Amino acid sequence: MRIATWNVNSVVARLPRLLDWLGTAEPDILCLQELKTSADGFPTDELADLGYEAAVHGTGRWNGVAVLSRVGIADVRRGLVDEPGFQPEDALLEAHEPRAVGASCGGVRVWSVYVPNGREVGHPHYDYKLRWLQALRATVQVELAAAPFAVLGDFNIAPTDADVWDPAAFATSTHVTPPERQALAELRALGLVDVVPRAMKHDTPYTYWDYRAGAFHKNMGMRIDLVYASTGLADSVRDAYVDRDARKGTGPSDHAPVVVDVDLSPAG
DNA sequence: ATGTCATGGACGCCATGA
């Protein structure tokens, strides 16, 4: 079985690239992030033509996550346990954002997550990020009972200094701070394993490169798209890689897909 | 480090978020 995750930076703008990629990579399960559209705008029919069903959690212009599956989809759950919202400075009410959706596909329980960016250390969004990660932990704690299990997506955290192109450039940034990394450690402590993809080029398994300043060609990247698998599922992993080709060419997302092949057969 | 995108609202540009 092939399981993948991809922040597509608008599923509508990326539809030609997404359909092309599905046709060649042929994942059984694909977790999508940054749909940037509501469920109404989601390209359900085009994906169904390729044999994929979808569990969608989207509300409009920002965020949005989905699980695609060609091995069945059931028990869809939208949102986290005790999920926090984000309250912009000028808003009266905090708004819940579509950043997490879970589904059972072909005997595997998967969650597609888009962790808040955090913007700047000390910004209200950074505090929201840490609170959101605590809710993710509470959700995983419950959902992990349905193993094999994995939570995949854009975590907006580089787990180690080796996962950023220049640690010095991130000295005062989000994505690398001890509280963010501690939140990842607490997820792993529940019984999850960071499935690190093999390096393809430059000996780095980065998954994200800024659109600006030729970052991709200079390999100024980060590994922030992660696959956190239950121990049993991690044991069944036969290969894991970043599909850098999906970051090349015309009209790419700024993220590349992470692809994981697992062998779930009893003898596997 | 900041040379790019994508979206949506009031328009052939700006604000927002990443």
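Lettering follows sequence order; numbering is per chain, from 1. On a predicted model such as this, the values are computed, not experimentally measured, just so you know.
For His217(A) and dA1(B), the NE2 to P distance is 22 Å, given to the nearest whole Å. Between Asp225(A) atom CG and dA18(B) atom C1' there is a gap of 13 Å when expressed in whole angstrom units. Here the C1' atom of nucleotide dG17(B) and the CZ atom of Phe86(A) are 11 Å apart, to the nearest Å. The nearest whole Å value for the distance from the CH2 atom in Trp209(A) to the C1' atom in dA18(B) is 16 Å. Distance CG (Asp166(A)) to C1' (dT2(B)): 14 Å, rounded to an integer number of Å. Look at NE2 on His123(A): it is 12 Å from P on dT16(B), rounded to the nearest Å. Rounded to a whole Å, the CG atom of Asp154(A) is 17 Å from the P atom of dG17(B). Per the geometry, NZ belonging to Lys36(A) stands 4 Å off C1' belonging to dA6(B), to the nearest Å.
dG3(B) and dT7(B) are spaced 22 Å apart, taking the P atom of each and rounding to whole Å. Rounded to the nearest Å, the gap between the C1' atom of dA1(B) and that of dA6(B) is 22 Å. Spacing of P atoms, dT2(B) relative to dG8(B), comes out at 30 Å, to the nearest Å. dA10(B) and dA15(B): their C1' atoms are spaced 12 Å apart (whole Å).
Of the candidate nucleotides dA18(B), dA6(B), dA1(B), dA1(B) has the atom nearest to the side chain of Met220(A). Nearest nucleotide to the side chain of Arg61(A), out of dG17(B), dA15(B), dA18(B): dA15(B). When each of dA18(B), dG3(B), dG17(B) is scored by its nearest atom to the side-chain atoms of Trp62(A), the top-ranked nucleotide is dG17(B). Closest to the side chain of Tyr211(A), out of dT7(B), dC5(B), dG3(B), is dC5(B).
Close to dT7(B), at under 4.0 Å from its OP1 or OP2, lies a side-chain N or O of Ser10(A). Contact annotation: Arg212(A) does not reach the phosphate of dA18(B) (side-chain N/O to OP1 or OP2, under 4.0 Å).
Take the nearest nucleotide of DNA chain B for Ala215(A) and for Val11(A): the residue whose nucleotide is more 5' is Ala215(A). For Ala169(A) and Asn117(A), each mapped to the nucleotide of DNA chain B holding its nearest heavy atom, the one lying further toward the 5' end belongs to Ala169(A).
Counting only heavy atoms from C-beta outward, the side chains of Met220(A) and Trp209(A) never approach each other to under 4.5 Å.
Aromatic ring centres of Tyr126(A) and His123(A) lie farther apart than the 6.0 Å criterion allows.
When each of Leu226(A), Val110(A), Val113(A), Leu144(A) is paired with Val151(A), the side chain to side chain contact (heavy atoms under 4.5 Å, CB included) condition holds for Val113(A) and for no other.
With Asp254(A) contributing its side chain and Asp210(A) its backbone, the two residues share no donor-acceptor pair below 3.5 Å. Although no hydrogens or angles enter the test, the distance criterion places no donor-acceptor pair under 3.5 Å between the side chain of Lys129(A) and the main chain of Arg119(A). Listed for the Arg181(A) side chain is no donor-acceptor partner under 3.5 Å among the backbone atoms of His175(A).
Nucleic acid contact for Phe170(A): none, since no nucleic acid atom lies under 4.0 Å from a heavy atom of the residue.
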